[in-house]
Every structure is written in C-alpha cells, then in structure tokens.
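The next block holds one structure in the form of structure tokens; read it before the comments.
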Amino acid sequence: MQKTTTKLADGRELIYFDADGTAADRNYSDLRPLEPTTALSEIRRDPVTGDHVTVAAHRQGRTYHPPADECPLCPSRDGRLSEVPAPEYQVAVFENRFPSLALGAAEHVATDRTAFHETVPGAGRCEVVCFTPEHDASFASLTEQKARLVLDAWTDRTAELSALPGIEQVYCFENRGVEIGVTLAHPHGQVYAFPFVTPRTVKTAAAATAHRAATGRNLFEDLIADQLAHPERVVLAGEHWTAFVPFAARWPYEVHLYPNRRTPDLTGLDEAQRAEFPGIYLELLRRFDRLFDTDAPTPYISAWHQAPAGHRDELALHLELFTIRRTVGKLKFLAGTESGMDAFMNDVSPEQAAHRLREVATHG
Ligand SMILES: [Zn+2]
C-alpha cells in the first residue's frame, strides 16, 4: 500500500491510498476558495449516567457550497472541483470540513472540572473515507483487492490517530442508506478519533473485567469458543474469522465478525487474517443486500470496535454489522423502550436471523 499525504486549501489533510506499484501522480492542488473553519465542540460528562456527550453546536467559517449535483467525494474532473483534487483515486481519506471533534477545539474551549459542569474540549478528529472513486458503486460491489485497500487504510488511520495526544479510541464505521440518514450517496465511511472511551466500550470493558474476575479467562476468547460449540447462530466461518448473530441481538439482522485469534485493534491483524477479511466481509454485505425481497439496497451500519489504550489486554477487535430494516418497507425505530430506557425489543429471533443469513449465501 502506498500512502501520499497532501493538504486541502483550508489546511485539512487529504491522504491517498494506492495499491502497491499503482500510484499515479498525487500532486494536485486544491483550487477551491476555502477558508479554514473553527471547531468549537465541547464534551460534557453527564453526572447521572457518567456518559460523555459531544456538543458541537457552534461551527464557524465561511461555507463553500458546491452545487447540489456535484458530489464532493467524486474525483475533481471536467472543471468540477471536489474534496479530492486528483482526477482519479483509489481510496482517499480527508479531514471532515465541519467535524464534531477537532484537535483545534482545545484552543477555543475551556476545561471545567467542577461538579455537574464537567467539560473538556472536543479535541479529537473526524475523517471521511472514500472507498472508491465510482459514485454509483457500494462497498459490497468492490473487488477483494479494493476492499483490502480500504482495510489497509482503516489500519493506517487507527495507528496514526491512536498516536495523537489525548486520543483514547479510534472508531471506523460506515452508515449506508438514506434510512440511516446518509445524505451523500457516494460510497464512503468515517473515522472518529475520540478523546474519551465511548459509552458502549466502557460497558464492554466492565463485562470483560467481571468475566476475568469470575473465571480467570478472557470474555471474547470464551465467546468465540461458545459460538463454535453452538453453531446455530454462526453465519459464516472462515479459517481466521467467525461471523455470528449474537445470542441477545438487539437489531432485526445483526452480525458480529471476529478474528479467531484475538487482537485489540486493526493494527494487530496478521497477514493471514488481513488476506481472508475482504472475502468474508464482502460476502456478509452481499447477503445483507439479499435479505429482503426488494431491489432497494439494505440500509446498514457497520462498526469496528477497537480497544482503547487502557483496555488492550481484555478487549477484542471486532466488527458489528446491522440493519434497521425489519422487513420490506418497515424500519425498526428506536422508540420508547430503546430511546427512553436503552431496553431493546427485537421482533426477529437471533436463530431465525442466522438461518436467513445462511439461506442467502452466494452460491457457485
Ligand atoms: Zn460521488
């Protein structure tokens, strides 16, 4: 993988990732009239739940509004200027122009440690990952080689962002579909570098610590062993990866994908794991698109869980993929029980979901 780091007109970083030996000229300047933006986001701690909440209400700076018919993630071509100045690319990553978290927030937002008003600057980083230059493609339509390049880009971003001062957790994810609230159709994902440990990871770490105290063993190693011993919820088992519907799935169709050999984050994957991942992940995404009897692409969220610095001994890298679609034309909304109480109600049994996800496997 070849990596070329450049700057956009307003000073944001843009990074091209190219497969070895195929990098073209990456020396294109961003010709747009962009003013730097100022991120004034702050992170408040809820004194009742202990959760961190990012408040990014103030965003300053002149906005450059491209015409609606010009995709900002397509390469810059035919006089149309986008976020990627080159006329073509393979995988491109750039800092979000209006980020929820930005390292610069530290210069503008004061830290407050007083009780009931705990506030720190939203000093993190938000990046956009363009998976392909092809506007009408999807992740599921990528070749294994292209998907591997995205994996390598995620890995690079994890290593680099984890090393930044104050960053606690790096989160790579994709929101797919208008039902999820995606406004740009161009295939892309995001990377958030959080200056705190996210609420879900705090909970997971506590479960792993309790499991270690009770059994002397690692929670995730026992979890994988349990899936393999009870294969009714296993969806796809490779030599190095296992995909299953969790025993207590929260979403109608939810798959968790783990490397069989535990590693804290993407940087810990070995070559055998990295080589097998694209085939497994692409197959899962293609099965998601076949779940429902409709041509409409399945909306999904794909979320990489990676261990923060203080939890590398017990947590395990894995990917959680789920759709909010229950059936054709029906979405699962987070309503009273889920939004009000974090208490999920699932209409599809995890065993039925796993059966369906095996049924729609690619044949031949
Ligand atoms: Zn596009």
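None of the values given here were measured: they were computed from a predicted structure. Residue numbers count from 1 along this sequence.
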Quick one: does [X]'s side chain have a donor or acceptor within less than 3.5 Å of a partner on [Y]'s backbone?
{"X": "Asp46", "Y": "Asp51", "value": "no"}
{"X": "Glu254", "Y": "Trp251", "value": "yes"}
{"X": "Arg358", "Y": "Val234", "value": "yes"}

Salt-bridge contact [X]-[Y] (side-chain N to carboxylate O under 4.0 Å):
{"X": "Arg125", "Y": "Glu127", "value": "yes"}
{"X": "Glu83", "Y": "Arg12", "value": "yes"}
{"X": "Arg261", "Y": "Asp270", "value": "yes"}
{"X": "Asp152", "Y": "Arg274", "value": "yes"}
{"X": "Arg356", "Y": "Glu351", "value": "no"}
{"X": "Arg32", "Y": "Asp30", "value": "yes"}

Aromatic ring pairing Phe194/Tyr192, orientation class (parallel under 30°, perpendicular over 60°, tilted between): tilted

Where does the angle between the aromatic ring planes of His256 and Tyr258 fall among parallel (under 30°), tilted (30 to 60°) and perpendicular (over 60°)? tilted

Within 45° of the six-membered ring axis of [Y] and under 6.0 Å from that ring's centre, is NZ or CZ of [X] located there?
{"X": "Arg26", "Y": "Tyr16", "value": "yes"}
{"X": "Arg325", "Y": "Phe292", "value": "yes"}
{"X": "Arg233", "Y": "Phe244", "value": "no"}

[X] [atom1] to [Y] [atom2] distance, which is reported to the nearest 0.5 Å:
{"X": "Leu317", "Y": "Thr263", "atom1": "CG", "atom2": "OG1", "answer": "6.0 Å"}
{"X": "Arg176", "Y": "Glu179", "atom1": "CZ", "atom2": "CD", "answer": "9.0 Å"}
{"X": "Leu161", "Y": "Glu168", "atom1": "CG", "atom2": "CD", "answer": "13.5 Å"}
{"X": "Ile15", "Y": "Lys3", "atom1": "CD1", "atom2": "NZ", "answer": "5.5 Å"}

With no hydrogens and no angle check, just 3.5 Å: does a side-chain donor-acceptor pair link [X] and [Y]?
{"X": "Glu314", "Y": "Thr209", "result": "no"}
{"X": "Glu70", "Y": "Ser82", "result": "no"}
{"X": "Thr201", "Y": "Thr204", "result": "no"}
{"X": "Glu174", "Y": "Tyr300", "result": "yes"}
{"X": "Thr362", "Y": "Arg290", "result": "yes"}
{"X": "Arg45", "Y": "Thr119", "result": "no"}
{"X": "Arg262", "Y": "Asn218", "result": "yes"}
{"X": "Asp265", "Y": "Thr158", "result": "no"}

[X] and [Y]: same hydrophobic cluster, using ILVMFWY side-chain contacts below 4.5 Å?
{"X": "Leu282", "Y": "Leu151", "answer": "yes"}
{"X": "Ile280", "Y": "Leu319", "answer": "yes"}
{"X": "Val93", "Y": "Met1", "answer": "yes"}

Which heavy atom of [X] sits nearest to which heavy atom of [Y], and what is that distance?
{"X": "Leu331", "Y": "Arg326", "value": "O-NE, 3.5 Å"}
{"X": "Ala307", "Y": "Leu315", "value": "CB-CB, 3.7 Å"}
{"X": "Val235", "Y": "Arg287", "value": "O-NH1, 3.0 Å"}
{"X": "Ala137", "Y": "Pro187", "value": "O-CG, 3.0 Å"}
{"X": "Pro121", "Y": "Ala106", "value": "CB-CA, 3.7 Å"}
{"X": "Ala208", "Y": "Phe220", "value": "CB-CE1, 4.3 Å"}

Answer yes if the ring centres of Tyr281 and Trp241 are under 6.0 angstrom apart, and no otherwise. no

Under the side-chain contact (heavy atoms from CB on, under 4.5 Å) rule, what do Gln190 and Asn175 come out as? Steps first, then yes or no, please. CA-CA 8 Å; Gln190 300 179 63; Asn175 296 329; 4.0 Å; yes

Does the side-chain contact (heavy atoms from CB on, under 4.5 Å) test come out yes or no for Phe131 and Leu142, once each step is laid out? CA-CA 9 Å; Phe131 297 143; Leu142 299 181; 4.3 Å; yes

Please lay out, stage by stage, how Trp304 and Val170 fare under the test side-chain contact (heavy atoms from CB on, under 4.5 Å). CA-CA 9 Å; Trp304 278 110; Val170 177; over 6 Å; no

Show your reasoning for whether side-chain contact (heavy atoms from CB on, under 4.5 Å) applies to Leu149 and Lys146. CA-CA 5 Å; Leu149 188 58; Lys146 301 266 180 189; 5.6 Å; no

